[in-house]
S.K.: 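Sharing a structure here in structure tokens format.
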Amino acid sequence: MARATLDPPKIVPVPPTKRTTKDFIFGKVIGEGSFSTVYLTKDIHTSKEYAIKVCDKRHIIREKKTEYVKRERDVLNTITSAGVPFFVKLYCTFQDTDSLYFVLSYAKNGELLQYIKQVGAFDIESTRFYAGEILLALEHLHRLHIIHRDLKPENILLDEKMHILITDFGSAKIVVNHEQQQKVEGDSEVTTVVQRRNSFVGTAQYVSPELLTDKVAHYSSDLWALGCIIYQMISGLPPFRARNEYIIFQKILKLDYEFPEDFDADAQDLVQKLLVVNNSERLGAQDKENYHSIRSHPMFAGLDFATLSETTPPVIS
Ligand code: ADE
């Protein structure tokens, strides 16, 4: 009698099961948005800490913000898959009846803004280091065809080693038609994105003139914000300040700002080359690949961009 042959064991791929709130211990609130709350949490299986952003579905639908939430998820997925440093990562998402959950990197040292407020103003070495990290982050982001559009010291978080983790991509723009928008003879800009239907304007103090006049975001709109942030790290306050947004916008359009007398000369030169009303004339706006013209500015003399993410940051003072 023939011996029965055993079928080889079947390998059935098991899809990773979706996480639920039960997989985490929820701790204190570490951030709040208009339709979301961010909690410090701990994964019960690994004891690893995460920031979980909880978004209220009903509120999002009522306020017609579903596009923004999807955009944020897509951008975070793109950045996370690319494996680039200087950004919060999206580990997973899940949902229940009421909420959407984004499991993000936890930035242990909070917002860059808190440090600016604490010390009043950064020393030049810390300013050089953090401006350098923000510049590298923007190189990665723009290479992935993403414009942040709301870059500000509240959205620049610090991890346990004091390196930056940029967050909040709810206002980000994914540049879809970048091939057609490649620089052509006579064109002043490498890449532009036009979406006039979208009336989004970022935070008043950091918003670029082109967003105010044309409602058009360029990659160089993020470079304008970088100029504002460098100014703020050195002087303690953003360059365009007023008692209401309308006056801030007027000042931005007129380039109405001043440098304190003791402002570092190289930093002042760089800020003046970034805060240029015509976005295509900003330092870096014509660069391809890296922002080499910004990297080579005297403000960054001696900074090794290649090893920045592994370098121990200077102590802010
Ligand atoms: N606040 C908002 N998001 C955060 C994060 N990922 N880490 C720490 N604090 C935050």
Side-chain angles (χ1 to χ4, degrees), residues 19-21 23-57 59-60 63 65 68-95 98-119 126 130 133-134 136-138 140-141 144 146 148-172 202-203 205-206 222 225 229 232-233 309 313 316:
R19 302 293 208 110
T20 76
T21 52
D23 291 300
F24 301 92
I25 299 164
F26 279 70
K28 64 177 178 183
V29 171
I30 52 173
E32 253 166 320
S34 47
F35 45 80
S36 67
T37 306
V38 185
Y39 296 88
L40 169 59
T41 71
K42 194 175 250 188
D43 183 321
I44 59 163
H45 313 283
T46 63
S47 288
K48 265 198 73 173
E49 290 179 311
Y50 293 97
I52 299 190
K53 184 168 183 166
V54 184
C55 306
D56 179 20
K57 285 189 191 177
H59 192 174
I60 291 165
E63 300 290 318
K65 298 286 190 236
Y68 291 86
V69 179
K70 275 191 206 149
R71 176 109 39 93
E72 176 159 31
R73 184 202 56 197
D74 291 348
V75 167
L76 281 164
N77 274 328
T78 301
I79 291 165
T80 306
S81 316
V84 291
F86 307 127
F87 295 95
V88 296
K89 285 186 171 56
L90 179 63
Y91 291 92
C92 64
T93 58
F94 56 90
Q95 58 179 299
D98 295 336
S99 308
L100 303 171
Y101 299 86
F102 286 18
V103 182
L104 303 161
S105 326
Y106 170 52
K108 218 181 180 93
N109 283 307
E111 299 173 359
L112 184 69
L113 181 68
Q114 292 315 311
Y115 285 85
I116 300 176
K117 285 185 175 169
Q118 244 172 54
V119 302
S126 301
Y130 285 106
E133 287 212 334
I134 300 165
L136 289 188
L138 291 181
H140 290 305
L141 197 65
L144 294 168
I146 298 162
H148 189 291
R149 297 203 304 180
D150 197 18
L151 195 66
K152 54 182 173 178
E154 293 96 310
N155 289 340
I156 301 170
L157 306 178
L158 295 156
D159 69 12
E160 68 285 357
K161 291 182 172 163
M162 289 297 285
H163 288 283
I164 66 160
L165 292 177
I166 294 179
T167 191
D168 201 350
F169 293 92
S171 319
T203 305
Q205 279 96 334
Y206 308 89
D222 286 341
I229 296 165
Q232 187 170 359
M233 286 194 283
S309 66
I316 298 169

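As the structure lists them, so they are numbered: ligands from 1, and atoms in each ligand from 1.
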S.K.: Work out whether the distance between some heavy atom of Gly110 and some atom of ligand 1 is less than 4.0 Å.
M.R.: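 Gly110: no contact with ligand 1 (<4.0 Å).
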
S.K.: Take atom NZ of Lys57 as the centre, draw a 6.0 Å sphere, and report whether it contains more than 12 heavy atoms from other residues, nucleotides or ligands.
M.R.: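 Counting other residues, nucleotides and ligands, NZ of Lys57 exceeds 12 neighbours.
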
S.K.: Give the atoms of ligand 1, by number and element, whose distance to some non-hydrogen atom of Tyr106 is under 4.0 Å.
M.R.: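 Near Tyr106, meaning under 4.0 Å from one of its heavy atoms, ligand 1 has 7 (N), 8 (C).
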
S.K.: Could you say whether the N/O atoms of Ala107 and ligand 1 ever approach to under 3.5 Å?
M.R.: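 For ligand 1, there is an N or O atom that lies under 3.5 Å from one belonging to Ala107.
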
S.K.: How far is atom 6 (N) of ligand 1 from its nearest protein heavy atom, and which residue and atom name does that atom have?
M.R.: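 Going atom by atom, the protein heavy atom closest to atom 6 (N) of ligand 1 ends up being Ser105 O, 2.8 Å.
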
S.K.: Mind checking the CZ-CZ spacing from Phe169 to Arg71? Nearest 0.5 Å is all I need.
M.R.: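 Between atom CZ of Phe169 and atom CZ of Arg71 there are 13.0 Å.
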
S.K.: Looking only at protein heavy atoms, which one is nearest to atom 9 (N) of ligand 1, and how far off is it?
M.R.: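 Residue, atom and distance for the closest contact: Ile30 CD1, 3.5 Å.
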
S.K.: Tell me if a side-chain donor or acceptor on Asp150 pairs with a main-chain N or O of Thr203 at a distance below 3.5 Å.
M.R.: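 Judged by distance alone, yes, a pair lies under 3.5 Å.
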
S.K.: With rounding to the nearest 0.5 angstrom, report the CG to OG distance, Asp159 to Ser105.
M.R.: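 One finds 9.0 Å between CG of Asp159 and OG of Ser105.
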
S.K.: Please classify the Val38 to ligand 1 contact at 4.0 Å (heavy-atom distances, strictly less than): side chain, backbone, both or neither.
M.R.: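 Looking at Val38 and ligand 1, just side chain atoms fall under 4.0 Å.
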
S.K.: Of all the atoms in ligand 1, which lie at a distance below 4.0 Å from a heavy atom belonging to Ala51?
M.R.: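 In order of number, 5 (C), 6 (N), 7 (N).
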
S.K.: To the closest 0.5 Å, what do you measure between CD1 (Ile229) and CD (Gln205)?
M.R.: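 Result: 11.5 Å between the selected atoms.
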
S.K.: Do Tyr68 and Glu63 pair up side chain to side chain, a donor and an acceptor below 3.5 Å, judged on atom types alone?
M.R.: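 Per modelled atom types, Tyr68 and Glu63 side chains form no pair under 3.5 Å.
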
S.K.: Using distance alone, decide if ligand 1 has a nitrogen or oxygen within less than 3.5 Å of any nitrogen or oxygen in Leu157.
M.R.: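 Leu157 vs ligand 1: no N/O contact under 3.5 Å.
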
